[in-house]
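Please read the structure below before turning to the comments.
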Amino acid sequence: MVTLLPFHKSILEQIHDPQTSDLLVLARGLGLRHMLYTLMKIYNSPRNLVLLVNASQEEESVIGEEVGMMGVRRPGLRVVGHEIGKKDRGGGLMSVTSRILVVDMLQSDIPTDLITGILVLHAEKVTALSLEAFIVRLYRGKNTTGLVKAFTDQPEHITSGISPLKNIMKELQLRKVHIYPRFHEEVKASLERRRADVIELYQPLTDSMKDIHEAIVQCMTTTLAELKRSNATLDLDDLNVENAYFRSFDAIVCRELDPAWHKVGLKTKQLVADLATLRRLLTYLLTYDPLAFHAYLETIIASNSTSASGGPRQHQSPWLLTDAANIIFKVAKRRCYTHSSGSTLVKRKEASPVINLVDDDEEEDAWDALDEIEGRVGVKSDKAKGKERERKKPWVPDDMDPVLEELPKWSLLAEILKEIEEEMMRQESLGAARPAFHPGSNTVLIMTSSTTTSTHISEFLSTLDADAEQGTQGRTMMEKKLRLYLEWKAKLSRLKEEGQGAVVWPDKNGETFQKEQSGDGISEALKRKDQVMKEKGTCRRRVRGGAPAVGSASGDIIESNLNGTTLLDITSLDFENEFDAHYGLLAPEQTVIVRSYSDDSDDRVLAEIQPKYIVMFEPNQDFVRRIEVHRSSNPGLSVRVYFMVYQMSCEEHKYLAGIRREKESFERLIKERGSMLLPVMDERTAGASVGDAIIKTISSRIAGGRKELNKEPSRVIVDMREFWSTLPSLLHASRLLVIPATLTVGDYIITSDICIERKSIPDLIQSFNSGRLYTQCELMSVHYKQPVLLIEFEEHKSFSLNVTSYTKAGSKYPQTKSAGPSETERQSPTIQHKLVLLSLSFPRVRIIWQSLAIGAEEDPHAGAGVNAAAEKLLRSLPGITAKKVKHVMSKVRSVRELCEMSKEGVQEILGVEPGNACWEFMHRGEQRR
């Protein structure tokens with residue numbers, strides 16, 4: 001059951017009115033889905049037909065289950081993945097795919113005038129060309145009284161461009177917007193009444209990790225500076241190291257370089273790909289174990305030294321040649337192992353053997369007896385620990401000294417779990433004094449950023465040595481990974497000598513080594529492992545992964561059982577005890593759930609488990625708010641949160657920068673709402689534009705100036721599969737009648753004589769290679785007098801038929817070209833040649849070009865009252881880019897006023913460096929005088 005907080009109820013009171021259309025912008029983690037569930041329950045009625053659009057399959061299943069638990073049944077939320085027929089009609093709640101809903105509304109398969117309302121999720125994705133805007137336009141054409149409610153929790157996506165909030169409200173035809181950030185007064189009052197017990201743990205990096213971290217940041221700074229220097233004509237002010245910490249950085253680079261992507265050289269493309277690689281390295285440094293991180297670095301070296309054809313690579317990444325890169329590779333290797341010098345090995349071999357008169361076992365017993373006398377039972381002596389460190393595994397090479405540095409958070413996590421266990425035991429001892437009803441369970445919930453990190457933590461906890469020193473508690477796991485690494489390197493070198501490809505990284509369970517061992521089928525290592533697992537079966541704590549592919553503890557038990565050593569004997573009398581020891585249900589205090597951060601489904605996990613102890617292995621502001629909402633929704637529940645973060649690292653900086661970016665986004669939205677002019681909605685009535693419709697039907701092809709009026713509206717027949725593109729929406733916005741149909745020839749039929757086949761650049765290339773385009777042009781030439789081939793290219797790119805111009809930034813490096821064209825390039829025709837051959841084969845086929853994404857209808861009054869000559873002059877000044885022209889024109893009234901401003905005033909408008917360049921250019925003659 002969903003529990004609503006006071007600020008939830010306040011928001012619902014404002015947006016639940018079916019007579020209004022609203023947009024709700026809420027901070028992530030504050031329970032957006034809770035209000036959606038409640039609204040759907042309010043609107044659920046056999047007499048109401050409410051549609052949910054723009055929801056993913058996972059969201060549809062979760063929303064259906066939640067509203068069903070709230071009593072919305074028979075039929076509940078119906079998910080429609082096909083065309084709506086008569087049997088699907090009726091009242092209630094329905095989730096429909098956007099493309100299917102557009103087709104059904106155009107074909108009148110769904111009664112548009114009888115739809116009560118539409119709920120739009122992910123409103124930040126709505127643009128003038130999106131299907132959701134098309135749906136609302138069709139809906140308002142026949143139903144002006146129905147409700148439209150839009151929801152979003154991504155304020156950062158609504159701050160790019162000019163008036164983004166106004167554009168979304170215009171496309172969805174909304175009149176009100178409600179903005180609720182975390183610093184809203186009602187939200188603060190609701191969440192600060194009951195606070196969770198938060199323990200912030202700032203773990204410092206090791207010295208080697210600090211060196212690698214500083215070296216990676218230095219490489220990123222150098223790469224960014226080189227990228228800006230190589231493309232001085234482009235506006236790359238948004239590219240800095242702070243933005244490079246986020247995944248959206250790749251999208252920023254793509255957006256800035258897309259218009260000239262086909263013009264930039266291989267060096268620029270290499271630099272863009274290097275920035276993505278360095279960003280991943282920063283993340284992997286804090287999440288991967290040292291061996292996996294070192295193996296990833298070796299793959300980078302291999303990919304830069306060898307080309308795809310197997311020869312030496314000509315253009316290597318520039319950052320690999322810097323001193324900082326040398327530090328990265330050397331220190332990363334030193335974290336895993338070191339190599340002994342040859343002289344040390346010779347001295348070790350030539351040294352005379354020392355005869356030990358005391359047996360090792362007897363010496364160990366003597367040290368144990370001394371420890372028992374001193375009251376240090378169970379504590380290993382320093383000598384015993386030193387002997388364990390000196391004892392080398394037989395599979396380790398002689399010249400290798402394993403270091404196997406562990407991540408600092410691993411030992412900190414072990415201390416946290418030990419503290420939690422002691423707290424549980426203390427609470428159990430005070431059980432008589434506690435009230436009878438005490439909400440919450442003793443299940444420990446560990447949250448991570450990815451399933452990979454969850455797997456590492458589960459494996460670490462399943463092999464944890466609690467008696468070992470801090471920093472060596474996961475030695476068993478690291479030795480296992482080292483053995484996997486050595487096996488991988490051996491196979492890699494063997495395949496390299498044979499001239500074959502690379503080998504896949506071995507499985508983490510080490511099954512490769514177990515299959516290659518000889519003997520009686522069961523190795524000594526497996527026997528010892530089974531013995532340890534049997535002893536651990538009586539232990540109190542267990543580890544179970546709560547995320548997919550996480551659950552190493554149970555996986556190890558099953559693996560050892562499959563090897564035939566501890567199979568359960570059903571006929572024995574102790575079968576029940578053995579079954580409970582290995583497969584029985586665990587008490588909450590014996591369970592540790594490891595799970596990665598997700599979306600709003602984390603709220604459901606917290607509500608079902610109700611953990612008293614939550615460990616945030618990596619910071620996440622969304623989950624912090626979910627804990628606040630969960631704590632405030634459950635009075636009497638005590639929650640202790642351990643917040644772990646690496647001190648002075650990109651992890652801490654990324655967390656703080658994310659909070660700052662969200663706060664700035666909300667401030668911009670609030671400021672825009674205060675000065676926003678709501679557009680007047682254009683109601684499309686039957687006789688609103690009869691004159692325009694008549695003019696559009698006049699044919700200009702009739703000779704002699706004779707005009708024939710056609711009272712029927714212009715119509716276009718569109719293939720069903722074309723509704724994924726933006727062209728049908730543009731045709732409908734141009735007041736053409738769009739008729740969906742399943743076409744076997746062509747994609748668009750304008751008249752009985754004109755047929756159009758639409759192709760994007762990648763689809764055009766693929767159709768030429770497969771021969772499909774030849775068949776399509778042949779069919780169009782047979783059935784239509786004027787067949788047309790429409791070639792579309794992306795909006796922000798210059799038109800080019802070169803395949804490499806459509807390679808996205810951040811993808812794999814393009815293949816290095818040789819000095820001259822190869823033999824295959826001389827023989828294989830280009831796309832231009834194929835288009836010429838296509839025109840010669842089908843003379844009646846007309847070829848036209850068009851931009852893929854055309855903006856919305858332009859304002860007829862745009863540009864009125866603007867001095868075009870002054871604007872052109874401003875564009876020519878250094879420091880004033882195309883993006884800053886409008887900003888400068890809004891700050892100064894004339895060019896003369898800009899020239900008379902002081903240097904500080906110009907810098908305040910343009911920034912320090914651009915302002916300095918502009919001011920010096922305008923006053924260059926005065927300085928000479």
Side-chain angles (χ1 to χ4, degrees), residues 97-100 102-103 127-131 134 251 254-255 257-259 261-263 269 716-732 738 740-750 754-784 786-812 814-815 824-825 828-842 844-855:
T97 307
S98 298
R99 186 188 69 87
I100 293 174
V102 167
V103 174
T127 61
L129 304 173
S130 61
L131 290 176
F134 195 5
C254 289
R255 185 176 67 246
L257 294 178
D258 263 348
W261 185 250
H262 66 289
K263 298 180 183 178
K269 297 179 180 180
V716 179
I717 302 177
V718 183
D719 188 27
M720 293 281 196
R721 293 159 293 189
E722 284 296 305
F723 281 92
W724 288 116
S725 65
T726 59
L727 191 53
S729 177
L730 293 172
L731 295 175
H732 183 268
V738 178
T742 303
L743 302 179
T744 57
V745 179
D747 295 327
Y748 299 87
I749 298 178
I750 299 179
I754 303 177
C755 175
I756 299 177
E757 178 71 27
R758 186 188 65 88
K759 294 290 182 185
S760 61
I761 299 294
D763 190 21
L764 177 69
I765 298 170
Q766 185 179 3
S767 300
F768 268 127
N769 295 334
S770 63
R772 188 174 73 250
L773 183 59
Y774 183 88
T775 306
Q776 293 171 341
C777 291
E778 185 178 15
L779 290 175
M780 287 193 300
S781 301
V782 170
H783 295 88
Y784 297 93
Q786 299 177 7
V788 179
L789 175 62
L790 172 62
I791 301 176
E792 289 185 338
F793 56 95
E794 295 190 16
E795 178 184 12
H796 299 292
K797 289 185 178 181
S798 299
F799 177 72
S800 174
L801 292 176
N802 188 10
V803 185
T804 57
S805 65
Y806 280 81
T807 304
K808 290 294 182 182
S811 61
K812 293 184 177 180
Q815 295 184 2
T824 56
E825 290 178 348
S828 58
T830 62
I831 300 299
Q832 290 87 340
H833 296 162
K834 293 180 180 180
L835 284 174
V836 172
L837 293 176
L838 185 70
S839 301
L840 294 176
S841 301
F842 304 100
R844 290 191 290 114
V845 174
R846 300 291 181 262
I847 301 177
I848 58 178
W849 285 262
Q850 179 194 8
S851 174
L852 178 63
I854 302 177

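This chain uses plain numbering: 1 for the first residue, then up along the sequence. From a predicted model like this one, the values you see are computed outputs, not experimental measurements.
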Please determine whether side-chain contact (heavy atoms from CB on, under 4.5 Å) holds for the pair L773 and L789, giving the CA-CA distance in whole Å, both sets of side-chain angles, and the decisive distance to 0.1 Å. CA-CA 10 Å; L773 183 59; L789 175 62; 4.0 Å; yes
Just so I know, are the side chains of F768 and L838 near enough to count as touching, which here means a heavy-atom distance under 4.5 Å? yes
Checking R846 against Q786 for the side-chain contact (heavy atoms from CB on, under 4.5 Å) test, could you report, in this order, the C-alpha distance in whole Å, the side-chain angles of both residues, the deciding distance, and whether it holds? CA-CA 7 Å; R846 300 291 181 262; Q786 299 177 7; 6.0 Å; no
Do C755 and H783 have side chains that approach each other closer than 4.5 Å (heavy atoms only, starting at C-beta)? no
If every non-hydrogen atom of W724 is compared with every non-hydrogen atom of T97, which pair is closest and at what distance? CH2-CG2, 4.4 Å
Look at the rings of F134 and H732 and say which category their plane angle falls in: under 30° parallel, 30 to 60° tilted, over 60° perpendicular. tilted
One pair to check against side-chain contact (heavy atoms from CB on, under 4.5 Å): D747 and I756. What are the steps and the verdict? CA-CA 6 Å; D747 295 327; I756 299 177; over 6 Å; no
For residues 764-777, which residue pairs qualify under salt bridge (charged side-chain N to carboxylate O under 4.0 Å, His left out), counting only residues two or more places apart or in two chains? D763-R772
Contacts of D719 meeting side chain to side chain donor-acceptor pair (under 3.5 Å) (sequence neighbours excluded), chain-then-number -> R721
Do Q850 and L790 have side-chain heavy atoms sitting under 4.5 Å apart? yes
Check: V845 and S781 side chains under 4.5 Å, non-hydrogen atoms: yes
Working to the nearest 0.5 Å, report the span between CE of M780 and CD of E757. 5.5 Å
